[in-house]
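Chain letters run A, B, ... following the sequence lines, proteins first, then strands; residues in each count from 1.
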Protein chains: 4
Amino acid sequence: MKLSQRKMIRKKQQILFSAIGIVNKKGYAGATMEDIAAELLMTKGSLYYYFKNKSDLMYQCHNFVLSQASEDLERILNGEGSTKEILFKMVATHIDYAIEEKETFNLIMEPKRFFNEEQLKLVLELRKRYEGLFDQIISRGIQERIFSTEEPTIARMIILGAMNWIQQWYKPKGRLSKEELVEIYSDYIIKILK
Amino acid sequence: MKLSQRKMIRKKQQILFSAIGIVNKKGYAGATMEDIAAELLMTKGSLYYYFKNKSDLMYQCHNFVLSQASEDLERILNGEGSTKEILFKMVATHIDYAIEEKETFNLIMEPKRFFNEEQLKLVLELRKRYEGLFDQIISRGIQERIFSTEEPTIARMIILGAMNWIQQWYKPKGRLSKEELVEIYSDYIIKILK
Amino acid sequence: MKLSQRKMIRKKQQILFSAIGIVNKKGYAGATMEDIAAELLMTKGSLYYYFKNKSDLMYQCHNFVLSQASEDLERILNGEGSTKEILFKMVATHIDYAIEEKETFNLIMEPKRFFNEEQLKLVLELRKRYEGLFDQIISRGIQERIFSTEEPTIARMIILGAMNWIQQWYKPKGRLSKEELVEIYSDYIIKILK
Amino acid sequence: MKLSQRKMIRKKQQILFSAIGIVNKKGYAGATMEDIAAELLMTKGSLYYYFKNKSDLMYQCHNFVLSQASEDLERILNGEGSTKEILFKMVATHIDYAIEEKETFNLIMEPKRFFNEEQLKLVLELRKRYEGLFDQIISRGIQERIFSTEEPTIARMIILGAMNWIQQWYKPKGRLSKEELVEIYSDYIIKILK
DNA sequence: GATGAATGAGCTTTCATTCAT
DNA sequence: TATGAATGAAAGCTCATTCAT
């Protein structure tokens with residue numbers, strides 16, 4: 001790979017990071033190309049050298065965060081530890097993303113409103129992959145007779161919903177630290193799966 | 001109250017209903033004053049006779065739906081039935097609102113982005129009141145020794161999160177009917193509180 | 001028809017006239033919404049109250065001029081006079097439009113570049129109708145044995161091309177007045193059709 | 001001339017050819033520097049090493065094609081054959097350019113819009129030279145008493161206009177081949193000059 | 001010579017908001 | 001009360017042009 005290509009990629013990532021930050025603050029619609037460029041001391045126009053249009057940039061933001069989270073989970077899933085321990089780690093990771101990457105990670109927003117058909121297809125695939133990782137650990141638990149749940153898919157949805165909801169009320173300086181939170185959530189999640 | 005005032009109120013409500021419909025379809029940002037007016041065969045300009053600005057209208061939409069939901073829950077809470085039966089009814093009601101009034105009811109969106117300080121204060125109060133109703137039934141269950149949960153507030157958040165999440169994946173023509181869904185969710189919720 | 005509608009139509013026409021003027025000076029691509037609005041002491045934004053977008057406005061400009069020219073020709077065609085006299089009048093009218101309404105009337109520009117499919121269909125129909133009027137007078141002449149031309153369609157194209165070309169070199173203060181020009185052109189056109 | 005200069009010239013011509021191709025497809029305004037560079041696997045920036053700016057490049061495109069056409073006509077004019085035969089050949093050549101080099105050759109567009117004063121002067125001179133070639137053959141015909149036309153300049157304009165117009169309707173797969181077309185046109189042109 | 005990268009002016013378009021009538 | 005009309009700020013996007021390397 002040529003130097004220039006590497007530079008290109010690095011710059012793209014810089015922009016992505018900047019954009020992710022802005023989007024997490026202002027949401028997809030609220031983030032303007034100007035905002036994003038300004039943080040990097042660039043001009044609007046320059047962004048278009050790296051990304052086809054806003055939709056493309058937004059898509060890649062979501063993509064990036066979600067892919068990264070998926071990789072993290074996969075690493076955990078394929079790593080050491082008992083099923084329960086792995087589930088704990090996955091919960092911790094998910095909650096972390098949900099809190100720290102709020103909007104970009106946001107699995108809540110309606111993607112149809114922001115993405116075009118092609119992008120949408122990939123986004124939905126990515127999400128499926130991500131959710132599938134939770135399905136895997138759940139079914140592993142069922143096989144090991146640790147969990148016994150009749151509707152594993154619904155259970156997973158309940159669990160994800162519960163975790164995503166945290167970003168609505170979580171405040172860094174609240175009564176509970178993130179670690180305590182994860183602890184408590186994990187316990188409840190085990191209850192759901194029992 | 002004078003006739004003209006009553007007329008005013010009725011008209012306001014008409015607009016509110018129209019707006020709620022539009023917002024549920026297009027989201028807060030996506031709904032334009034034009035859209036809302038068009039559905040009532042009015043003109044944009046007229047809306048400003050009834051509402052100070054878009055923010056005000058949006059606020060009142062959210063307000064209206066949330067208040068109504070609160071009233072519904074209060075009626076259930078103060079009505080007949082065992083604690084479990086009441087919880088079931090509350091769950092059914094909440095899920096119904098979450099599905100049918102999607103965006104307007106949406107407790108997900110960040111209110112800071114749309115509402116000004118004054119509005120925000122009231123919105124947050126309203127939400128507190130709403131959440132409080134779930135807290136009440138939970139604590140009633142604890143007193144009756146039906147539920148035993150160490151972190152009732154967190155439990156409530158988990159429950160609400162799980163329920164709100166439904167709107168992300170629920171499709172009217174899916175495998176499960178709304179009634180079956182409520183049934184399953186209720187069972188899981190009991191598990192959480194046990 | 002209501003007063004407001006009539007006002008709307010009148011304003012639309014005002015804008016159309018202004019736009020036609022600008023387009024005739026700067027061409028379709030060169031005319032900006034700002035230019036057009038400025039001439040009427042309006043703002044860009046206001047134009048969008050009357051026309052969906054620039055393409056729509058441009059289309060209606062071309063449409064308007066071409067329709068008017070067609071009507072003029074039809075009136076002449078259905079009016080009094082010998083075939084030759086009518087042809088003379090038609091030539092005079094066409095040349096007048098070609099010179100005075102240059103760009104807007106322009107049958108030269110490639111419409112595919114400016115108009116969308118739907119508009120294009122109508123534009124091409126309109127043009128066909130316009131050209132058809134010349135075909136009619138030619139075939140009338142052939143029936144009357146005044147003209148004898150083996151390829152009447154090609155003859156018509158030659159005639160139209162010759163006339164449209166005038167706008168490339170005509171200058172109001174040139175050696176020949178518009179009237180003299182028409183005279184000379186008519187004679188040559190007769191030669192072509194003989 | 002140094003090697004580097006010759007290289008320069010060759011490269012310039014390559015760009016010119018590429019540009020001519022693009023312009024013939026998209027028109028003067030529609031052709032972007034990017035488009036032109038892309039076809040040569042160059043970058044936008046590089047074009048500026050060879051041409052001062054877009055206007056300059058466009059000018060040289062037009063220039064090049066027109067000069068070439070002029071040379072072709074001059075060769076014909078100074079070559080063998082009767083006046084009529086020469087005229088036929090000139091007509092064939094012109095029609096060929098008009099069809100194949102459409103936009104670049106296009107004498108239709110208003111040069112004032114694209115070219116600066118200096119360029120304009122040269123363009124107009126070039127055109128004059130080109131038109132003059134037709135004037136020459138016409139006046140030769142008049143001297144030979146083959147043609148008899150009172151307004152030879154106007155006749156020439158009519159003839160050129162008629163020929164340029166072909167590009168508006170000509171389709172390679174139409175009823176008539178280019179050769180048949182030339183035949184028919186030549187006959188009509190003789191009529192005009194008689 | 002060539003390029004990658006950046007710029008900035010200029011364009012179209014949207015939309016909440018205002019206000020005379 | 002209601003509306004038609006206008007406004008202006010702000011957004012997304014394009015592209016000729018520049019320039020350090």
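Contacts of D:Arg113 classified as salt bridge (Lys or Arg N to Asp or Glu O under 4.0 Å), with partners at least two apart in sequence or in another chain: C:Glu103, D:Glu110. The side-chain hydrogen bond (donor to acceptor under 3.5 Å, both in side chains) check on A:Glu100 picks up A:Lys178, with sequence neighbours excluded. Looking at residues two or more places apart in sequence or on another chain, you find a side-chain contact (heavy atoms from CB on, under 4.5 Å) between B:Gln168 and A:Ile108, B:Ile108, B:Trp165. In this structure, C:Lys54 has no salt bridge (Lys or Arg N to Asp or Glu O under 4.0 Å) partners at least two apart in sequence or on a different chain. Every residue two or more places apart in sequence or in another chain was checked for a side-chain contact (heavy atoms from CB on, under 4.5 Å) with C:Lys7, and none qualifies. With sequence neighbours excluded, the residues forming a side-chain contact (heavy atoms from CB on, under 4.5 Å) with A:Lys25 are A:Glu39, listed by chain and number. Partners of A:Lys26 under the salt bridge (Lys or Arg N to Asp or Glu O under 4.0 Å) rule, at least two apart in sequence or in another chain, are A:Asp35.
Rounded to an integer number of Å, the gap from D:Lys12 NZ to E:dG1 P is 12 Å. Per the geometry, CG belonging to C:Leu40 stands 14 Å off C1' belonging to F:dA5, to the nearest Å. Distance CD (C:Gln5) to C1' (F:dG4): 12 Å, rounded to an integer number of Å.
Contacts between residues 46-63 of chain C and DNA chain F, counted as heavy-atom distances below 4.0 Å, involve C:Ser46, C:Tyr49, C:Tyr50. Looking at residues 17-39 of chain C, you'll see C:Ala31, C:Thr32, C:Met33 sit with a heavy atom under 4.0 Å from some atom of DNA chain E. Taking a 4.0 Å limit (strictly below) on heavy-atom distances, residues 112-122 of chain C does not reach DNA chain E anywhere.
Applying the side chain to side chain donor-acceptor pair (under 3.5 Å) test to every pair with at least one member in residues 115-126 of chain A, sequence neighbours left out, gives these pairs: A:Ser55-A:Gln119.
Between atom OH of residue A:Tyr49 and atom CE of residue A:Met42 there is a gap of 10.5 Å, rounded to the nearest 0.5 Å. In this structure, C:His62 NE2 and C:Asn106 CG are separated by 8.0 Å, a value rounded to the nearest 0.5 Å. To the nearest 0.5 angstrom, A:Leu120 atom CG is 10.0 Å from A:Tyr59 atom OH.
Comparing C:Leu41 and B:Leu41 by the nucleotide of DNA chain F that holds the closest heavy atom to each, the one mapping nearer the 5' end is B:Leu41.
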Legend entry - Secondary-structure string, 5' to 3', Watson-Crick or G-U under 3.5 Å, | for another-strand partners, for DNA chain F: .||||||||||||||||||||
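Within the 4.0 angstrom heavy-atom criterion, base atoms lie near D:Lys44. Residue contacts shown for A:Met42 are limited to sugar-phosphate atoms, with no base heavy atom under 4.0 Å away.
B:Phe17 and B:Phe64 have perpendicular rings, their planes meeting at more than 60° on a 0 to 90° scale where under 30° would count as parallel.
Side-chain N/O atoms of C:Lys11 include one lying less than 4.0 angstrom from OP1 or OP2 on F:dA6.
Pairing each heavy atom of A:Tyr28 with each of A:Thr104, the nearest pair is OH-O, 3.4 Å.
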